[in-house]
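The structure appears below as structure tokens.
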Amino acid sequence: MDYPKPLFVHVLIFPLPLQGPVNCMLKLAELLCLADFHVTFLNTDHIHHRLLRYTDVQSRFTRYPKFRFEAISDGLSEDHPRSGDRFVEMFDAMEAVTYPLFTEMVTSGDLSSSSDRPVTCIIADGIFSFAVDVAQKIGIPLLYFDTISPCGLWTYLCVPKLIQAKELPFKGDDLDAKITCVPGMEGFLRRRDLPSFCRSSDLTEPVIQLILKENHELPKAQGLILNTFEELEGSLLSHMGTLCPNLYPIGPLHTHLNTRLCPKLASKPPTFSNSLWEEDKSCMVWLDQQPLKSVIYVSIGSLAVMTKDQLMEFWYGLVNSGKRFLWVRRPGSIAGDCSESQIPTELLQGTRERGCIVGWVPQEEVLAHPAIGGFLTHSGWNSTLESIVAGVPMICWPYFVDQQVNSRFVGEVWKLGLDMKDTCDRVIIEKTIRDLIDERKDELMARADLMSKLARESVNEGGSSFCNLERLIEGIRVMSLEASRV
Ligand code: UDP
């Protein structure tokens, strides 16, 4: 039986079920709601429960009557930690359980052409290679949204080239050897700056296979959405455009959304949150009592895990620097047991005098606080962009995936901070903090101010990201209507 084809735009957004991508894609979802599209946001049950528990996301979106949430299983048990060190298990479970559910949903289920709300366009995380087949099967456009950094993504896309040129796997253990065949990064990219999985000697490892599959499928989508702005990564975007024709750099997304929601208040951080942990707002009161640009903010994001030894090096480095610090210790982010009775008195005392340790913070608000003078970060892409917008110089301690590339760009290309990768030593941490807050403060602050200004301008009317979003919205409209007429 033939069903009537819809003459409206209905975008299905399917993020990777992790804090960073979910946060980003919710912002994109709201931007598409502002364009008056129907939008369905597909979460995994686990993520959805946590969003409902810790945010007002449900009531916030009621102002968009064409918006809906849906949720499906991620295939893991409720008590699975879903942390960075268990990444492969998460992908295996999704492949076995989530992908078939997703396929069923759009081909014959609630969002299929036989339903009263058929989907006319899919926006999926770039890692979801299966989405190409699904979109082709039902004859609708697919756009990928890769929420990692474009500089990181470009190195992923060059992995086949690196293998062919025998730069991968590494021969010998010199991590400072230069990498020559990533176009646009010649001269400054070392082995240690490649994504963490490139350090493996075994190219058949699941993560590498996943990346190779992604590389293969990414160019088949009708477009690739990126959370960046042309003024930051323009030259890499032109290299990437040779493989993926329709690029839509529309970031920084958090600033873009704030600007469109309320241009006059765009420089203020939002009062809403997409956090998967409970935000401890007491840190804002603590920050209010600290002098201007005096505090180092420390966070390793939502996935990274520290060993107990690394924790102690960080702690000594922070306390010995004599600077004030606000440190996020996400539940589950320290491997093993670490009770207060094992902590040396000088650390507890230094923390009482100058520190504040909490479980999770409203990060955009924290970074925008005038007391913040630097960010000791794991170089996750969202954190990096949030720091850039806030004009806060960074100390980078990358953990995995694109973070090794990001920290090289922060330190060497954009000159927005200091890269501490592959070291975790209290003396180095102490010195790097002093360099950031005292010795090299003026030079780093000048760069951070400039880049923050460019980031904000890019999302203002007529700016590069603003225009790219307009182009994306028009592209989705045209492709959706074309697909519904076929
Ligand atoms: N974040 C937050 N509160 C915290 C720590 C992190 O809201 O206490 C947010 C941060 O603003 C960012 C996201 O969590 O948007 C982390 O994403 P990122 O890409 O930086 O790193 P990942 O967690 O994916 O490693």
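First listed ligand is number 1; within each ligand, the first listed atom is number 1.
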Between the side chains of [X] and [Y], is a donor N or O closer than 3.5 angstrom to an acceptor N or O?
X      : Y      : value
Ser465 : Glu230 : no
Thr423 : Asp425 : no
Glu205 : Gln209 : no
Ser294 : Gln290 : no
Trp397 : Ser379 : no

With sequence neighbours excluded, what pairs up with Asp422 under the side chain to side chain donor-acceptor pair (under 3.5 Å) test?
-> Arg192, Arg199
For ligand 1, list the protein residues that place a heavy atom within a distance below 4.0 Å of one of its atoms, sorted by chain and number.
-> Gln19, Gly20, Asn23, Ser275, Tyr297, Ser299, Gly301, Ser302, Leu303, Val328, Trp360, Val361, Gln363, His378, Gly380, Trp381, Asn382, Ser383, Glu386, Gln403
